[in-house]
A.B. asks: 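I am attaching a structure below and will ask some questions about it afterwards.
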Amino acid sequence: MATIRLTLPDGSVREVPAGTTARQVAQSIGAGLARAAVAARVDGQVRDLDRPLTADAPFAILTEKDPASLDVLRHSAAHILATAVRELFPTAAIGFGPPIEDGFYYDFGVERPFTPEDLTAIEAKMAEVAAKDYPFVREEVDRAEANRRFRDDPLKLERIADLGDDEVISVYTDGPFVDLCRGPHMTGTGRLKHFKLLSAAGAYWRGDSRRQMLQRIYGTAWWKKEDLEAYLHRIEEAKKRDHRKLGKELDLFLFHPFAPGAAFWTERGTSLYNTLNAFMRELQRDGYQEIRTPLLYNKGLWEISGHWGKYRENMFLVHNNETGEQDMSLKPMNCPSHHLLYGSAKHSYKALPIRYSTYDVLHRNEVSGALSGLTRVRQFAQDDCHIYLMESQIPAEVKTLTRFILDYYTTFGLKATLKFATRPEQRIGSDEMWDRAEGALRAALEATGLPYELKEGDGAFYGPKIDFDVADSIGRTWQLGTIQLDYAAPERFDLTYVGEDNSEHRPVVIHRAVNGSFERFIAILIEHFAGAFPLWLAPEQVRVLPIADGQADAAGQVVAQLRNAGIRATLDASNNTLNYRIREGEMAKVPYMAVVGQREADAGTVAIRVRGAGNKQEILPLADFQARLLADIGARALKP
RNA sequence: GCCAGCGUAGCUCAGGGGUAGAGCACUCGAUUCGUAAUCGAGCGGUCGUGGGUUCAAUUCCCACCGCUGGCUCCA
């Protein structure tokens, strides 16, 4: 019998007869490992423990400690969910049931949507299925057999029809349930112990709104009870810092039914907004030209830009009283108007790069169901910038931009990771052009020294791009900034510059955004800081509290002096107890409270209470306090 | 847009076919207080909007508006 060579993670090689299963290898290494084994990684692919090994390969046993084993657990949990649903709803059609981040889902075609009571019953049935510890049995079948087995399952038949002829069709059975499935799965249903169903929602078959709607059940599953509890706790914590809740509590913004998807910014919210904008303006003081362009355009512009075709349904069209037609639109993006401005004059190669920046209001007609707080809105402003430059200037420019964006995030304590998206199938431009463009972007990425993820084929049709993902204080990630090379727009808008040779050349355009939109970025900041903004961002930086009426004037003078120094200070001399006012200040998450009692009034000092630090007061001369505030604001310190 | 849930005072929520309640906020009065809620009184709602069923609707039904979750991280 032939032997095969398995290379273990420690570099050692084991020779075993071909046909040996991963479980047998695990047993030969140790009984403990065999018990802990969930699946195997063979040649980079996660596989069932009981599949025979047929060729030389790098080999590793996956245990519960390996993050990849969670996908196996969750995918198996999805099957167990389907098993339970089929027990309770025998006619349910079955769609897809993959593992997802933190959990799994499964789609079902049922007569009526699931109710919360259904979920409770299904969850209980899942526990029964798990307790029975049905083995997951894998079989390979041919197409005819697959079609026969799933003849009552139109959704599965459709999937089978999509499979290529060279693909192995596999089927997994656990107890009464059989599913078309690529696998892998854990050995038996009994390993599912810590799980919870979370929600049910409609979901289009294959995400296509023209197809039938299925009912999706979401759940989560973990190896350890503590992990499940920690995850549920994390969901609760995330709810507590939900920007929609905090936005109301901290009086930052509101939404009104008369303007769905467009925020009203209160004084405090506007302060936050303006502070961010001022910061961006300061960073772009040199080398950028801030411009403003119209909000409303004739369709002619959108025909040139290409938006009038496919993107029109996302634009707010405006009725023209003279033509009687909706032949105008509010701008959904700034680029076309920037191109018009660039094209309105001759530009020397000596003037490049030209960087236009804009904070204009944009409108996009998002479908009603997509709106959500500040993160999905119909009206917003980007920190938008378009850079016109020669191709030879791309490497240096991208490097500078990347640094700029990363430094910006660091100011907020946000950690960024990078994604590099290269040429898609459908694209314009020559391969040489793409080679140069991708090379320039890649070089800039390498120069940061940061890890980046390669997203091959994920670029725009007009050029490659770098996307910036940011992780907030509770580990969620958001896609924020972007650097996109655009070779198409200069053609469409016939943009040129005059080169050294005195003839006209095409510039390249870079689209750059850092915040994405101010609205969404503020939402992220609210959740990142849980509403407790660092001093420099806080709408109210200092709240001054006289202890009693006798110190009201002295406290008022403290406020006046701080405000003269440009500090956002307020006075709370209301007729409430000091305890009450302290509580109010803490709940408003004001970074500093400055208490002025008779001792302080006499001595020209203030008693400082730092947000969240309890009653560890510090008494210092007003001038010192002011100096400290100004230093921290100037440094954009993250604490307090 | 589609599926589901929700919409009761400024906020958080209870209630439920016989024309509504709590806490906080707000107003007034008393209290002048040393680091997370002083006491008392009062004001406040055509129960999202429109229609229907009914002797009677905030409650049941329908439509609309808005909000929330979800709508391929491919068997």
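Side chains included, hydrogens not; waters and symmetry mates left out as well; all remaining heavy atoms used. Convention: sequence-line order gives letters A, B, ...; per-chain numbering from 1.
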A.B. asks: Say you pick atom C1' in B:C61 and the same atom in B:U68; how far apart are they, in whole Å?
C.D. replies: 24 Å

A.B. asks: What distance, rounded to whole Å, do you find between the two P atoms, one in B:G45 and one in B:C6?
C.D. replies: 27 Å

A.B. asks: Is there a Watson-Crick or G-U wobble partner for B:A56 with both distances under 3.5 Å, and which nucleotide is it?
C.D. replies: none

A.B. asks: If I pick the C1' atom on B:A57 and the same atom on B:G5, what distance separates them, to the nearest angstrom?
C.D. replies: 22 Å

A.B. asks: Taking atom C1' of B:G34 as reference, at what distance in whole Å does atom CD of A:E600 sit?
C.D. replies: 8 Å

A.B. asks: Measure from CZ on A:F255 to P on B:G66 and round the result to the nearest Å.
C.D. replies: 13 Å

A.B. asks: Side chain of A:P260 only, please: which of B:U35, B:C3, B:G66 is the nearest?
C.D. replies: B:G66

A.B. asks: Atom CD of A:E584 and atom C1' of B:C11: how far apart are they, to the nearest Å?
C.D. replies: 13 Å

A.B. asks: Taking donor-acceptor contacts at under 3.5 Å, does the side chain of A:D549 reach the base of B:U32?
C.D. replies: yes

A.B. asks: When the P atoms of B:A56 and B:G21 are compared, how many Å lie between them, rounded to an integer?
C.D. replies: 24 Å

A.B. asks: Specify the separation, in whole Å, of atom CZ of A:R112 and atom C1' of B:A4.
C.D. replies: 12 Å

A.B. asks: Any strand counts, and the cut-off is 3.5 Å on both contacts for Watson-Crick or G-U wobble. Which nucleotide pairs with B:C71?
C.D. replies: B:G1

A.B. asks: Only pairs with both distances under 3.5 Å count, Watson-Crick or wobble alike; so what is the partner of B:G23 in this structure?
C.D. replies: B:C11

A.B. asks: Using a strict threshold of under 4.0 Å (side-chain N to carboxylate O), is an ion pair present between A:R234 and A:D102?
C.D. replies: yes

A.B. asks: Does B:C28 have a Watson-Crick or wobble mate here (both distances under 3.5 Å), and if so which one?
C.D. replies: B:G40

A.B. asks: Could you tell me the Watson-Crick or G-U partner of B:U49, where both distances fall under 3.5 Å? Say none if there is no partner.
C.D. replies: B:A63

A.B. asks: Quickly work out the A:F258 CZ to B:U49 P distance and round it to whole Å.
C.D. replies: 11 Å

A.B. asks: Compare the minimum distances between each of B:C33, B:C3, B:A37 and the side chain of A:R583, then state the nucleotide with the smallest one.
C.D. replies: B:A37

A.B. asks: Between B:A9 and B:G70, how far apart are the two C1' atoms, rounded to whole Å?
C.D. replies: 32 Å

A.B. asks: Could you measure between the two C1' atoms, the one in B:A22 and the one in B:C47, and give it in whole Å?
C.D. replies: 16 Å

A.B. asks: Report yes if a side-chain nitrogen or oxygen of A:N579 is closer than 4.0 Å to either non-bridging phosphate oxygen (OP1 or OP2) of B:U35; otherwise report no.
C.D. replies: no

A.B. asks: Select from A:Q215 and A:R581 the residue whose nearest nucleotide in RNA chain B is closer to the 5' end of that strand.
C.D. replies: A:Q215

A.B. asks: Give A:K616 one of three labels, base, sugar-phosphate or nothing, depending on what nucleic acid heavy atoms sit under 4.0 Å from its own.
C.D. replies: nothing

A.B. asks: Ignoring backbone atoms, establish whether A:K245 has a side-chain N or O less than 4.0 Å from OP1 or OP2 of B:U12.
C.D. replies: no

A.B. asks: Can you see whether A:Y105 has A:R216 sitting over its ring - NZ or CZ less than 6.0 Å from the centre and within 45° of the normal?
C.D. replies: yes

A.B. asks: For the pair A:H79 and A:Y172, name the ring-plane relationship: parallel under 30°, tilted 30 to 60°, perpendicular over 60°.
C.D. replies: perpendicular

A.B. asks: In the 5'-to-3' direction, what one-character label does each nucleotide of nucleotides 68-75 of chain B receive under the scheme B = base within less than 4.0 Å of a protein heavy atom, S = sugar-phosphate only, - = no such atom?
C.D. replies: SBBBBBSB

A.B. asks: Strictly under 6.0 Å, is that where the ring centroids of A:Y134 and A:F177 end up?
C.D. replies: no

A.B. asks: Find the partner of B:G17: check Watson-Crick (N1-N3 plus N6-O4 or O6-N4) and G-U wobble (N1-O2, O6-N3) distances, both under 3.5 Å, and reply none if neither fits.
C.D. replies: none

A.B. asks: Would you mind checking if A:R86 and A:D179 are paired as a salt bridge, meaning a charged N to carboxylate O distance below 4.0 Å?
C.D. replies: no

A.B. asks: Please measure how far the P atom in B:C60 lies from the corresponding atom in B:G7, and state the result in whole Å.
C.D. replies: 10 Å

A.B. asks: Counting distance only, does the side-chain N/O of A:D242 pair as donor-acceptor with the main-chain N or O of A:K239 below 3.5 Å?
C.D. replies: no

A.B. asks: Is a side-chain N or O of A:R241 found less than 3.5 angstrom from the main chain of A:E527, in a donor-acceptor match?
C.D. replies: yes

A.B. asks: Calculate the interatomic distance between A:K240 atom NZ and B:U12 atom C1'; express it in whole Å.
C.D. replies: 16 Å

A.B. asks: How close or far is atom P of B:C11 from atom CD of A:E249, stated in whole angstroms?
C.D. replies: 13 Å

A.B. asks: Which whole-number value in Å describes the distance from A:Y580 OH to B:U32 P?
C.D. replies: 19 Å

A.B. asks: What about A:F104 and A:F195, are their ring centers closer than 6.0 Å?
C.D. replies: no

A.B. asks: Under a 4.5 Å cut-off applied to non-hydrogen side-chain atoms, are A:D71 and A:V46 in contact?
C.D. replies: no

A.B. asks: Say you pick atom P in B:A14 and the same atom in B:U54; how far apart are they, in whole Å?
C.D. replies: 32 Å

